[in-house]
Visitor: 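Mind having a look at this structure? Questions to follow.
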Amino acid sequence: MDELDAPLSSRLPRGKGNSKKANPAKFLSEGLGLETVRDLLWHLPRRYADRGTLTPIRDLVEGENATILAQVVKYGEPQRMRAKDGVRLVVTLGDGRDTLTMTFFAKFAGQFAHQKADLVPGALVLASGKVSKFQDVWQLSHPDYETLEDPEDGVDAVNRPIPLYPASKAAPNWLVRQSVAQLLDGLEGQLPEFLPAEVVAGADLLDPLAALRAVHAPRDEAELEAGRHRLRYEEAFVLQTALALRRASTARQRAVARTASPDGIAAAFDQRLPFPLTGSQRAVGEEIAADLARPHPMQRLLQGDVGSGKTLVALRAMLTVVDGGGQAALLAPTEVLAAQHLRSITAMLGDLAGAGTFGAHERATKVVLLTGSMGAPARRAALLAAASGEAGIVIGTHALLQEHVQFADLGFVVVDEQHRFGVEQRDALRAKGNGIPHLLVMTATPIPRTVAMTLFGDLETSVLTELPPGRADVQTVVVPQDRPAWIDRTWQRIAEEAALGRQSYVVCARIDTDDEGGEDGTPPGEGPEEEPAPDDALFEEPRPRGGKPGRPKPRPAAAVSQVVEVVRTHPATAGLRTEVLHGRLPPAEKDDVMSRFAAGEVDVVVATTVVEVGVDVPNASVMVVVDADRFGISQLHQLRGRIGRGGLPGTCLLLSGASEGSPAGQRLAALARTRDGFELARLDLEQRREGDVLGAAQSGERSSLQLLGVLRDAELVAHARAAAVTLVAADPDLSAHRPLAAAVAARVSGDTEAFLERA
Ligand code: ADP
Ligand code: MG
């Protein structure tokens with residue numbers, strides 16, 4: 001691998017002077033931050049131009065650095081400039097429909113000899129520069145170009161895809177292309193295969209050098225595809241090998257086996273369940289019980305759509321651990337959710353949660369809450385209950401990760417509605433155990449299988465495939481926000497439901513009118529606990545590329561403080577009991593509002609997305625989302641999951657200012673069409689670029705996952721995973737696969753580790 005680490009300056013030619021041609025390494029470094037042979041070889045074309053198809057000029061974006069394929073239409077004779085010394089040359093390019101000009105400056109006309117020879121009308125050029133438009137004339141400023149009529153290319157060059165690289169003024173496309181070609185020429189025999197032979201054969205892969213040649217200088221589409229396939233597969237395989245090794249190493253670690261006893265708390269709880277478990281809950285419960293009964297740490301991801309009953313599955317597992325003499329910790333992403341878990345878990349347990357109190361069940365345990373904003377006495381009591389082992393179940397937020405929190409015998413950690421808990425945080429909590437605790441991670445958002453394989457590839461997966469029976473229908477309607485009559489109808493719906501004794505949520509994008517584009521109420525200095533949805537990295541709407549002139553500033557989103565006034569004064573809803581709920585309220589008040597809402601003492605709660613995940617009030621039947629176009633699919637799906645819970649048919653009204661055809665409009669239409677969370681997750685991913693899905697570096701840094709689209713490459717990922725698992729099972733320390741081990745180590749120490757942290 002040494003050759004790949006060689007600095008470009010030692011491998012690219014160095015001529016006299018300081019031009020791009022004479023010192024390519026310097027310009028590649030300055031322009032694109034490429035320093036080593038590896039950097040340049042992995043600086044892959046963003047797309048390919050095809051000689052038969054010129055770049056449509058009218059689709060260019062002003063201000064953008066573009067590389068376009070066009071034909072010379074006119075070579076204007078150099079003109080002496082009036083204001084300044086020197087001459088100016090204007091060359092017109094065209095795509096057959098529109099034209100664009102390139103302007104060059106020089107001291108005297110003779111300096112344009114190159115241009116004169118190259119830019120003859122009819123010549124095909126790849127031109128790069130910054131796109132501007134002046135009085136309806138498109139221009140490329142600071143143009144740089146290369147002609148494509150290279151006689152050496154011969155006739156078959158006509159079909160060759162032309163690589164278009166991420167480029168810059170200092171390092172234009174031609175410089176990258178030329179430098180890559182020079183490197184590839186010198187690499188014969190220097191890039192040994194590091195994938196096992198059976199993997200290469202099994203996936204029909206080109207060798208590493210051939211693959212790089214195929215993506216940088218493809219002869220045709222088929223060759224390009226073969227090259228890409230190798231690079232993607234290699235990437236997937238190395239990552240999956242790293243994940244398989246991680247799983248294998250955890251599987252070798254010791255944990256305390258925990259089993260339920262026939263007369264223990266778990267059995268007592270099952271006996272008093274007011275409803276039968278769903279088939280999925282039972283099956284997943286058995287998988288989990290089997291894991292817990294082994295002397296190795298469980299590492300399991302539990303997926304299930306909104307309302308599939310994940311909490312119950314987790315609670316049964318926690319009770320099993322309590323039976324086995326251990327403690328369980330349940331980590332929630334927000335204080336609202338942690339408090340709700342405490343309420344619902346203590347309610348479900350009844351006297352089984354009353355350890356230490358008069359009349360408690362003989363098998364009872366104690367359930368405590370531990371959050372950052374608790375008062376000191378309550379906090380001390382909770383800390384003591386955790387440390388003494390008195391509390392069998394400790395529910396909390398990030399506060400549980402703090403160093404001074406101690407457990408007598410932490411046997412099991414449940415992470416609810418994850419995404420914000422990275423590998424590092426999982427480890428911090430596991431480190432509190434006596435041995436390594438078992439781990440169950442529950443996702444709020446359904447994730448397509450191969451995405452899960454990549455993002456949570458170090459975990460085994462269980463899926464709740466069915467919802468408890470009696471789930472009522474939820475009707476979803478997109479309401480145009482600019483139609484007063486429709487908005488009136490929205491408030492009337494809330495009043496109608498209230499008249500039937502049912503409750504409504506109204507969700508807004510921000511708390512107050514003076515919030516910046518704010519989402520949810522993170523009280524200043526209160527840490528990350530009340531941040532917006534846990535899934536925002538995965539599903540956030542891609543930002544428009546910066547600085548596009550003339551784009552109107554979006555209308556500010558309606559705030560809780562405004563909307564609550566509307567609800568309190570609108571003729572339809574004025575008489576209802578309406579409260580607000582958001583992250584900036586004092587914790588006691590949040591808790592009070594949620595408790596009263598849960599008890600049916602509040603008709604309407606106007607809230608931020610704090611109600612998004614996990615809030616469970618079966619009597620709520622209406623969900624109104626104001627400015628729904630500002631939210632991502634999964635967030636809306638989660639919000640909608642708050643209703644239709646108690647067997648009551650629900651109504652979800654998505655108030656939107658987006659036009660139907662816009663991406664936001666399409667997202668809302670999809671939500672109105674289906675309630676299948678997996679389907680929605682897939683749709684959502686399809687709307688996005690892979691970079692967003694993977695949270696890959698957007699800043700132009702090299703990202704290890706630049707090639708792999710987890711959704712597009714679903715089959716490939718699954719294939720690579722299976723191959724990696726087989727390999728690691730046969731050779732758990734890769735001692736027979738040294739070159740692969742080196743590639744895995746190189747990958748895991750850099751990008752991937754960071755990437756896994758973000759997952
Ligand atoms: P989620 O998977 O979204 O976290 P919850 O755990 O909040 O779902 O469960 C949603 C609701 O369904 C809760 O009110 C819970 O008590 C109820 N529930 C869970 N399992 C069953 C079941 N087997 N039968 C009926 N209701 C159930
Ligand atoms: Mg839940």
Side-chain angles (χ1 to χ4, degrees), residues 266 269-286 288 300-319 328 330-334 336-350 352-353 393 395 414-419 440-447 461-472 474 502-503 505 533-535 594 597-600 609-621 623 634-648 650 652 675-678 680-681:
F269 177 73
D270 276 359
Q271 266 160 24
R272 61 171 62 182
L273 266 182
F275 40 66
L277 296 173
T278 65
S280 283
Q281 281 174 323
R282 185 173 302 282
V284 169
E286 279 164 18
I288 293 174
R300 192 166 282 280
L301 174 72
L302 174 58
Q303 287 205 62
D305 207 346
V306 194
S308 57
K310 296 185 287 289
T311 315
L312 181 59
V313 170
L315 178 57
R316 293 180 71 234
M318 290 192 274
L319 296 176
L330 170 58
L331 230 67
T334 66
V336 167
L337 210 51
Q340 178 189 281
H341 274 313
L342 178 73
R343 261 195 311 275
S344 66
I345 285 178
T346 43
M348 278 196 264
L349 287 173
L352 288 173
I393 297 179
I395 300 173
V414 180
V415 178
D416 188 20
E417 324 286 14
Q418 53 59 53
H419 272 154
L440 182 69
V441 176
M442 305 199 283
T443 59
T445 310
I447 313 174
T461 304
S462 294
V463 184
L464 290 177
T465 51
E466 59 190 314
L467 297 180
R471 275 310 139 87
V474 173
R502 295 171 195 164
Q503 298 157 279
Y505 299 98
D535 42 30
M594 264 323 288
F597 188 68
T609 51
V610 290
V611 300
E612 178 190 350
V613 283
V615 170
D616 187 25
V617 179
N619 192 47
S621 61
M623 168 63 65
S634 103
Q635 236 178 346
L636 293 169
H637 179 61
Q638 286 295 326
L639 286 169
R640 178 169 58 180
R642 302 306 111 218
I643 57 169
R645 299 199 138 219
L648 299 173
C652 175
R675 266 214 293 165
D676 178 338
F678 283 90
L680 288 169

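Computed over heavy atoms, backbone and side chain alike; hydrogens, waters and symmetry mates excluded. Counting convention: from 1, in listed order, for ligands and their atoms alike.
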Visitor: Mind listing the closest non-hydrogen atom pair of Ser462 and Arg300 along with its distance?
Guide: OG-NH1, 2.8 Å
Visitor: In terms of atom number and element, which parts of ligand 1 are under 4.0 angstrom from non-hydrogen atoms of Thr311?
Guide: 4 (O), 5 (P), 6 (O), 7 (O)
Visitor: For ligand 1, which atoms, with element, lie under 4.0 Å from some heavy atom of Leu312?
Guide: 20 (N)
Visitor: Are there over 12 heavy-atom neighbours, none belonging to Arg272, within less than 6.0 Å of that residue's CZ?
Guide: yes
Visitor: Can you name the nearest heavy-atom pair linking Lys310 to Asp305, along with the distance?
Guide: NZ-O, 3.5 Å
Visitor: Go through ligand 1 atom by atom and flag the ones less than 4.0 Å from a non-hydrogen atom of Leu277.
Guide: 23 (N)
Visitor: Please confirm whether Pro276 comes under 4.0 Å of ligand 1, counting heavy atoms of the residue only.
Guide: yes
Visitor: Show the nearest heavy-atom pair for residues Ala317 and Ile288, with the distance to one decimal.
Guide: CB-CG2, 3.7 Å
Visitor: Would you say ligand 1 has an N or O under 3.5 Å from any N or O of Gly307?
Guide: yes
Visitor: Taking N or O atoms only and a 3.5 Å limit, does Pro618 qualify as a polar contact for ligand 1?
Guide: no
Visitor: Of the side chain and backbone of Gln281, name the one, both, or neither that has a heavy atom under 4.0 Å from an atom of ligand 1.
Guide: side chain
Visitor: Looking at every non-hydrogen atom in both residues, tell me the closest pair between Phe269 and Met348 and how far apart they are.
Guide: CE1-O, 3.6 Å
Visitor: With atoms numbered from 1 as shown, which atoms in ligand 1 lie under 4.0 angstrom from a non-hydrogen atom of Thr278?
Guide: 23 (N)
Visitor: Which of the numbered atoms in ligand 1 are under 4.0 angstrom from any heavy atom belonging to Ser308?
Guide: 2 (O), 8 (O)
Visitor: Below 3.5 Å, N or O to N or O, backbone or side chain included: is there any such pair between Gly309 and ligand 1?
Guide: yes
Visitor: Ignoring hydrogens, what is the shortest heavy-atom contact between Thr278 and Pro468? Give both atom names and the distance.
Guide: CG2-CA, 3.5 Å
Visitor: Are any of the N/O atoms in Arg642 less than 3.5 Å from those in ligand 1?
Guide: no
Visitor: In the structure I gave you, are the side-chain heavy atoms of Ile345 and Met318 within less than 4.5 Å of one another anywhere?
Guide: yes
Visitor: Using a 4.0 Å heavy-atom cut-off, say whether Ser344 meets ligand 1 through its side chain, its backbone, both or neither.
Guide: neither
Visitor: If I compare all heavy atoms of Arg282 with all of Leu277, which pair ends up nearest, and what's the gap?
Guide: NH2-CB, 3.9 Å
